[in-house]
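Worksheet: the structure to be examined is printed underneath.
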Amino acid sequence: NLTRTKQGIFKIEDSNNIEDIEKGNYKSYKIKDILNIPVIIADDNLKFKIKNGVKLKGKYPEKVLFVDKEGNELAIYKKEKNELKIEVML
């Protein structure tokens, strides 16, 4: 038998069983803590564009997670040609 003991940053010791989950005894993770991609804090103007799925031009990484000033995750964008296109709206 093969047992996976680690996946990325997660170790088997950090896993939860069904009973813990049913009792609400588990930890939720933010996407920015899981994915290894750059995070950009969006000002109100950029936040409006992101919320409306606007393609973004400018110098950005290949893939980026946008958050607002409060740290709320907004969307993941991915570079396509010379612009960023929304990959996942959060």
Side-chain angles (χ1 to χ4, degrees):
N1 269 343
L2 180 64
T3 302
R4 184 180 299 260
T5 60
K6 186 176 177 188
Q7 176 61 39
I9 64 168
F10 300 100
K11 299 180 215 154
I12 197 165
E13 300 86 44
D14 300 327
S15 63
N16 298 293
N17 61 39
I18 297 297
E19 291 81 26
D20 286 338
I21 294 169
E22 289 174 343
K23 292 176 184 173
N25 186 22
Y26 61 92
K27 179 181 178 186
S28 295
Y29 292 91
K30 296 256 184 201
I31 291 174
K32 64 184 176 187
D33 298 329
I34 297 170
L35 297 180
N36 187 21
I37 60 173
V39 176
I40 294 178
I41 299 171
D43 61 21
D44 291 336
N45 182 45
L46 183 56
K47 180 179 176 179
F48 179 81
K49 290 178 182 179
I50 292 167
K51 288 282 194 178
N52 288 285
V54 175
K55 293 178 183 174
L56 304 175
K57 296 185 185 234
K59 293 190 176 191
Y60 292 104
E62 289 295 315
K63 195 175 222 181
V64 63
L65 168 65
F66 286 99
V67 299
D68 64 16
K69 293 181 246 179
E70 290 79 34
N72 299 310
E73 296 158 340
L74 303 173
I76 297 173
Y77 271 71
K78 184 177 182 180
K79 193 169 271 188
E80 206 171 273
K81 297 183 184 172
N82 292 330
E83 60 189 9
L84 283 182
K85 186 177 178 183
I86 194 161
E87 186 172 51
V88 179
M89 179 70 74
L90 304 168

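Bear in mind that the values here come from a model prediction, so they are computed numbers and not experimental data. What's counted below: heavy atoms across the whole structure, side chains too, no hydrogens, waters or symmetry copies.
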| field | Lys49 vs Asn45, side-chain contact (heavy atoms from CB on, under 4.5 Å): CA-CA, chis, key distance, verdict | value | CA-CA 7 Å; Lys49 290 178 182 179; Asn45 182 45; 4.0 Å; yes
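Other members of the cluster containing Phe66 are Ile40, Leu46, Ile50, Leu56, Tyr60, Val64, Leu74, Tyr77, Leu84, Ile86, Met89, with ILVMFWY side chains joined at under 4.5 Å, either directly or via other members.
By the 4.0 Å N-to-carboxylate-O rule, Lys30 lies too far from Glu73 to be salt-bridged with it.
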Which atom pairs, donor and acceptor, lie under 3.5 Å between side-chain atoms of residues 10-26 and protein residues at least two apart or in another chain?
residue : atom : partner : partner atom : Å
Ser15   : OG   : Ile12   : O            : 2.6
Asn17   : OD1  : Glu19   : N            : 3.2
Asn17   : OD1  : Asp20   : N            : 2.8

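The distance from atom NZ of Lys79 to atom CD of Glu87, rounded to the nearest 0.5 Å, is 14.0 Å. Distance check: Lys55 NZ to Glu83 CD gives 5.0 Å after rounding to the nearest 0.5 Å.
Residues Ile76 and Leu35 meet the side-chain proximity criterion, which asks for heavy atoms closer than 4.5 Å. Side-chain atoms of Leu65 and Leu90, non-hydrogen and from C-beta on, do get closer than 4.5 Å to each other.
Lys69 meets the side-chain hydrogen bond (donor to acceptor under 3.5 Å, both in side chains) test with Asp44; sequence neighbours excluded.
The backbone N or O of Phe48 lies less than 3.5 Å from a partner atom in the side chain of Asn52, making a donor-acceptor pair.
The two residues Pro38 and Lys63 come nearest to each other via the heavy atoms CD-O, 3.3 Å.
Surrounding CG of Asn36 are at most 12 heavy atoms belonging to other residues, nucleotides or ligands under 6.0 Å away.
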